[in-house]
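Order of the sequence lines sets the chain letters (A, B, ...), proteins ahead of strands, with each chain counted from 1. What you are looking at is a predicted structure, and each value in this text was computed from that prediction instead of being measured.
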Amino acid sequence: MEEIDFSTIEKKWQGKWEAAKIFEASDQSEKPKYYVLEMFPYPSGSGLHMGHAWNYTIGDILARYKIMNGFNVMHPMGYDALGLPAENAAIKAGTHPEDYNKKSIQNYIKQQRELGLSYDWSRILSTDDPKYYRWDQWIFLKMLEKGLAYQKTSAVNWCPECETVLANEQVQDGKCWRHEDTDVNIKHLKQWFFKITEYADELYENLDNMDWPDKTKAMQKNWIGKSHGTEIDFEINNETWTVFTTRPDTIFGVTFVVVSAQHKKLMELVTEERTKNIKEFLKNLGSISEKELADMEKLGVFTGSYAINPANGEKIPVYAGNFVVADYGSGMVMAVPAHDQRDFEFAKKYDIGIQAVVCPRGKEDFENFEYDIDYSRKDGKEYVLQGNSLISSGINGETTETYDNYAERIRKEIFNNTFHYRAWKSRGELIHSKQFNGLDSKKAKEKITEWLVKEDKGRKVINFKLRDWGISRQRYWGTPIPIIHCEDCGAVAVPENELPVKLPRDVTFGEGNPLETNADWINTTCPKCGNPARRETDTMDTFVNSSWYFLRYCDPNNSEKIFDEEKVKYWSPVDTYIGGAEHACMHLIYSRFYVKFLRDLGMIDFDEPAKKLFHQGMLNGEGGIKMSKSKGNVVLPETVSGKFGIDTARFFLSGLASPDKNIDWDDKGIIGSVKFVSKIFRYFENIKFADDNESVLSLLNQTIKNVSGYYDNFEYRKATIELRELFDLIDKNKASKETLGKFLQILNPICPHITEELWEKLGNDNFISTSDWPKADESKIVKKGQSGDLNDKVIESIKSIIEKVEGDFSKIYIYIMPFEISKIDSSKISDEIKKTVEVFAVNDKDKHDPQGKAKKAKPGKPSIYLE
RNA sequence: GAGGGAAUGCCGGAGUGGUCAAACGGGGCAGACUCAAAAUCUGUUAGCUUAUGCUUACGGGGGUUCGAAUCCUCCUUCCCUCACCA
């Protein structure tokens with residue numbers, strides 16, 4: 001057989017598709033719209049590898065399937081071109097980021113074109129284009145107008161490697177998201193923020209209505225961190241200080257208060273004689289990274305001040321502590337050592353009193369055994385619960401105690417405040433809590449909150465972990481923040497008609513923010529008063545650019561507006577969005593926020609950016625090793641294309657596993673797909689048409705039906721399996737021209753080039769890629785397993801048994817599924833076999849079944865016992 | 001500590017109550033064609049058998065059911081995300 005010249009075929013059809021503009025989406029169409037989007041890439045100098053190609057292919061298969069199914073499909077591509085990596089790479093290469101980027105993008109486009117992806121190239125966009133980022137600036141001004149963009153000095157995450165500030169979302173495990181070896185430091189800087197917290201509740205609550213992966217939704221919920229609790233006012237030095245708690249039921253057990261070491265007003269609490277200690281404490285904290293802070297022991301210093309517990313009027317000490325988060329709640333917590341493990345440890349360490357207020361009522365409150373195990377460890381013993389007894393084995397041999405006894409002992413200890421090893425975190429009844437004594441702790445949460453509200457000492461509140469989005473970056477290659485700082489007028493917005501504020505090309509890279517090195521750019525006049533003023537040199541976080549690009553695709557070249565509302569209304573939201581799960585708490589939250597903001601601005605009429613979200617798995621190198629240059633295992637699409645053909649690779653990767661799973665490239669494994677593709681080509685080489693037989697027709701229609709569902713649900717693997725089965729049958733039986741055409745059509749989304757080539761060979765003069773998806777004719781499908789008369793089957797079975805079995809018997813017992821019992825006619829069988837026949841349902845309690853044969857019965861296959 | 005996901009034959013990977021010793025692919029083995037094959041095709045790939053088979057098998061224990069890879073429960077292991085959030 002001749003070698004298949006994949007590369008010629010690929011080029012041929014890519015050229016034809018482009019010339020005919022078949023993938024350019026029209027803004028007006030009779031057809032229903034469908035918007036398929038893959039997360040746009042960050043163009044790196046090293047280009048695309050097969051993993052990226054696979055990611056785009058996942059979307060491409062869907063887009064092609066939708067096109068053939070009569071949708072007006074938009075499938076665009078663009079480049080997330082602004083950002084630090086390009087800047088750093090350019091510096092390293094000794095060129096300007098702008099030039100470096102242009103080159104990278106050109107290379108990406110070339111590679112993507114060679115993959116034959118069904119992109120509408122007329123909608124291409126790049127975020128480093130001032131025509132694009134102008135609208136980033138416009139959104140910033142709108143945020144400013146609505147009070148959602150603001151400036152504040154705060155403790156921020158600083159990556160020394162990036163030399164810039166990071167958003168909370170970009171700090172992962174205390175490290176920079178781009179540098180997994182670099183600890184993030186804390187710096188105090190004046191920064192621009194977007195008030196994403198304004199939308200915290202909607203961002204949280206609306207997740208329930210979304211068709212996104214549960215995992216992603218769970219991650220976002222976790223990140224937004226909604227929790228219901230109570231705000232309680234404590235009086236300190238005649239001023240009101242508020243704490244947030246989810247355990248108002250323990251208010252009578254508060255024995256101290258801890259304020260965050262990073263709290264803005266900390267020093268107001270520190271008395272003169274304690275100032276030295278506190279300063280020293282803060283100094284020690286200042287030099288450590290956030291990660292170390294998280295691992296550190298709970299430390300604190302007494303401030304010298306006392307707070308009044310609003311519940312019982314007790315005077316309790318106020319500490320500054322390293323474990324209290326400054327910008328969650330009020331940055332101050334009430335400590336209940338008896339019922340919170342952290343507070344417990346802190347109290348033990350600093351010898352502060354412990355007051356139990358929730359007491360287990362008995363065994364039923366010991367929800368798990370955790371308390372016990374921890375408790376026992378201290379006396380060198382391990383407890384095991386066996387039946388109703390606790391067995392402990394340790395230094396003094398084995399001892400036994402009943403569980404009830406044990407529970408009672410712990411109960412007494414807690415009641416008498418003589419417990420020493422662990423806080424009681426579980427439920428129980430309230431004790432030492434005045435009028436609330438005896439209440440169940442869960443009930444007490446409400447009752448005490450109600451009481452505090454009535455006394456005007458507290459409020460019911462909802463708190464979020466989500467914090468405002470710090471967007472300032474002290475680097476060059478980002479969207480300039482459209483602000484001018486004037487000595488008299490302060491931070492003044494650049495007027496809308498002066499946008500875009502373009503990035504100056506002429507800057508010097510080195511220490512610090514390169515923008516600071518272009519005085520011509522920095523120095524300007526105040527738009528308000530006309531006096532000399534300075535431009536803001538911070539640029540925006542790269543995630544700003546990607547938060548709304550999917551809207552710009554709908555109207556990518558609009559120079560008057562951010563986009564035409566009608567066009568966005570037609571195309572949006574995205575129907576299926578495909579991208580990595582790593583964006584769950586970054587891009588995918590930010591873009592939800594942007595959509596909500598633009599909606600409230602009246603620009604759009606939907607709430608979420610994408611109806612459906614799909615996370616693709618990663619394509620690793622051979623042996624499951626992550627593809628990387630340093631490991632030398634990078635597989636390039638151009639190599640694959642030359643060796644096996646890109647369609648073969650698409651078929652292979654589709655068939656490996658579900659596209660949401662990580663898969664490994666395998667040069668040997670692809671052989672199976674090479675064989676399959678070759679087989680198809682061989683068939684078409686000397687093609688002979690034949691009338692379809694019944695089995696071919698049946699399988700064809702069955703496959704059309706099934707595969708359609710598979711393409712719709714990213715079950716590409718199942719599609720490849722059934723396509724193989726269908727073609728194997730066609731290969732054996734031969735088929736009509738029509739059947740072969742339909743086979744090519746349903747294979748087309750996975751193998752677009754070769755099916756196009758063979759479609760032409762069949763004598764078609766249209767594109768298979770835009771042809772109408774075949775319809776399954778269900779009447780042609782012959783259902784398998786529709787057996788004949790069950791009685792005949794049974795008779796046959798009995799006869800075969802009789803032939804093989806030795807010995808005499810007179811009676812035949814038949815065991816059958818309950819729902820099949822009406823299908824059996826015992827007299828018919830009896831007449832045929834000439835023996836007595838008795839029929840039982842398998843679940844008949846009174847059946848005669850000495851050998852347990854009833855268990856062996858299956859639907860359509862009764863079991864038989866001879867006696 | 002909180003949340004999410006997973007465990008299937010030599011490997012990858014389907015399978016969510018019966019027709020499951022478990023699709024499909026890879027690999028292995030045997031055979032056919034061939035001078036020969038990494039090419040193509042056929043068969044086979046838990047063990048014992050050969051009476052509708054039987055036994056052992058879908059991480060482990062227990063349970064529900066006439067019947068469990070599939071449902072419930074507990075446990076073990078692995079992966080991912082967040083993590084001092086009061």
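- Remark: B:G17 base-pairs with no nucleotide in the shown strands. Criterion, Watson-Crick or G-U wobble with two distances under 3.5 Å.
- Here A:Asp343 does not pair with A:Lys348 in a salt bridge; the nearest charged N to carboxylate O distance is not below 4.0 Å.
- Within 4.0 Å (heavy atoms only), A:Val324 reaches at least one base atom of the nucleic acid.
- Distance CD1 (A:Ile864) to P (B:C54): 12 Å, rounded to an integer number of Å.
- The separation of B:G63 from B:U77, taken at their P atoms, amounts to 23 Å, rounded to a whole angstrom.
- Here A:Tyr328 reaches the OP1 or OP2 of B:A86: one of its side-chain N or O atoms lies under 4.0 Å away.
- In a base pair of the Watson-Crick type (N1 to N3 plus N6-O4 or O6-N4) or a G-U wobble (N1-O2 and O6-N3), with each distance short of 3.5 Å, B:G12 is matched with B:C24.
- When the C1' atom is compared between B:G53 and B:A21, the two are found 13 Å apart, to the nearest whole Å.
- Rounding to whole angstrom units, CG of residue A:Leu723 and P of B:G25 are separated by 13 Å.
- Side-chain proximity of A:Lys215 to B:A86, B:C80, B:C41: nearest is B:C80.
- Not a single donor-acceptor pair, N or O on each side, falls under 3.5 Å between the base of B:A23 and the side chain of A:Arg724.
- The pairing partner recorded for B:U81 is B:A2, the criterion being a Watson-Crick or G-U wobble arrangement whose two distances lie under 3.5 angstrom.
- Remark: P of B:C24 and CG of A:Asn706 are 15 Å apart, rounded to the nearest angstrom.
- Pair check for B:U56 finds none; no Watson-Crick or G-U wobble contact set falls under 3.5 Å.
- When side chains are defined from C-beta on, A:Tyr716 does not count as touching A:Tyr710, because their heavy atoms never get closer than 4.5 Å.
- The residue A:Gly669 sits apart from the nucleic acid: no heavy atom pair falls under 4.0 Å.
- The existence of a salt bridge linking A:Lys457 and A:Asp233 is excluded, since no basic side-chain nitrogen approaches an acidic carboxylate oxygen closer than 4.0 Å.
- A:Lys732 comes within contact range of the sugar-phosphate backbone alone, with a heavy-atom separation under 4.0 Å but no base atom that close.
- Close to B:A2, at under 4.0 Å from its OP1 or OP2, lies no side-chain N or O of A:Lys465.
- An OP1 or OP2 oxygen of B:G4 is reached within less than 4.0 angstrom by no side-chain nitrogen or oxygen of A:Thr216.
- Across every strand in view, B:A51 sits unpaired, with no contact that passes the Watson-Crick or G-U test at under 3.5 angstrom.
- Partner assigned to B:G43 is B:C29, using Watson-Crick or G-U wobble distances below 3.5 angstrom.
- Between the CG atom of A:Asp660 and the P atom of B:G12 there is a distance of 17 Å, rounded to whole Å.
- Distance from the side chain of A:Met219 is smallest to B:U81 among B:U42, B:A14, B:U81.
- For B:C11 and B:U50, the P atoms lie 31 Å apart once the distance is rounded to whole Å.
- Taking atom P on both B:U64 and B:G9, the two are 28 Å apart, rounded to the nearest angstrom.
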- Run the ring-ring contact (aromatic ring centres under 6.0 Å, His included) check on A:Phe256 and A:Tyr350 step by step: do they pass? CA-CA 11 Å; A:Phe256 58 102; A:Tyr350 295 105; 8.7 Å; no
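- Nearest to the side chain of A:Ala218, among B:C84, B:U81, B:G3, sits B:G3.
- Comparing B:U52, B:C84, B:C24 against the side chain of A:Arg717 picks out B:C24 as the nearest.
- The distance between atom CD1 of A:Ile251 and atom C1' of B:A86, rounded to the nearest whole Å, is 13 Å.
- Nucleotides B:C74 and B:C84 place their C1' atoms 31 Å apart, quoted to the nearest Å.
- At the heavy-atom level, A:Lys718 lies under 4.0 Å from the strands shown only through sugar-phosphate atoms.
- Side-chain atoms of A:Ser227 lie closest to B:A86 of the nucleotides B:A86, B:C24, B:A83.
- Taking a pair to require two hydrogen-bonding distances under 3.5 Å in either a Watson-Crick or a G-U wobble arrangement, B:U70 remains unpaired.
- Both A:Pro862 and A:Gly329 lie near RNA chain B, and the one whose nearest nucleotide falls closer to the 5' end is A:Pro862.
- Here B:U40 is the nucleotide among B:G12, B:U40, B:C84 with the atom lying nearest to any side-chain atom of A:Lys675.
- Using a 4.0 Å cut-off between charged nitrogen and carboxylate oxygen, A:Asp666 and A:Lys668 do not count as a salt-bridge pair.
- Comparing the same atom, P, in B:G5 and in B:C71 gives a spacing of 14 Å after rounding to whole Å.
- In this structure, A:Asp340 does not pair ionically with A:Arg247, as no charged nitrogen and carboxylate oxygen lie closer than 4.0 Å.
- Across all strands shown, A:Glu582 has no heavy atoms under 4.0 Å from either base or sugar-phosphate atoms.
- Of the listed nucleotides (B:C82, B:A86, B:C66), B:C66 has the atom at the smallest distance from the side chain of A:Asn843.
- B:U16 and B:A2 have their C1' atoms separated by 28 Å, given to the nearest Å.
- Taking atom CZ of residue A:Arg682 and atom C1' of nucleotide B:A39, one finds them 8 Å apart after rounding to whole Å.
- The phosphate of B:A14 (OP1 or OP2) has a side-chain N or O of A:Lys661 nearer than 4.0 angstrom.
- Taking atom C1' on both nucleotides, B:A51 is separated from B:C58 by 29 Å, rounded to a whole Å.
- What separates CG of A:Asp728 from C1' of B:U40 is a distance of 13 Å, to the nearest Å.
- Listed candidates were B:A2, B:G4, B:G12. Nearest to the side chain of A:Asn222 is B:A2.
- The distance from atom CH2 of A:Trp223 to atom C1' of B:C80 is 16 Å, rounded to the nearest whole Å.
- Residues A:Lys668 and A:Asp343 both approach RNA chain B. Their nearest nucleotides, taken by heavy-atom distance, put A:Lys668 toward the 5′ side.
- Under the 6.0 Å distance and 45° angle rule, A:Lys221 counts as a cation-pi partner of A:Tyr204.
- A salt bridge is defined here as a Lys NZ or Arg NE, NH1 or NH2 lying under 4.0 Å from an Asp or Glu carboxylate O, and A:Asp249 with A:Lys442 fails to meet this definition.
- Between A:Lys643 and A:Asp667 there is a salt bridge, with a side-chain nitrogen of the basic residue lying less than 4.0 Å from a carboxylate oxygen of the acidic one.
- Across all strands shown, B:U64 has no partner, as no Watson-Crick or G-U wobble contact with both distances under 3.5 Å is found.
- For A:Lys679, counting side-chain heavy atoms from C-beta on, the closest listed nucleotide (B:C66, B:A86, B:C41) is B:C41.
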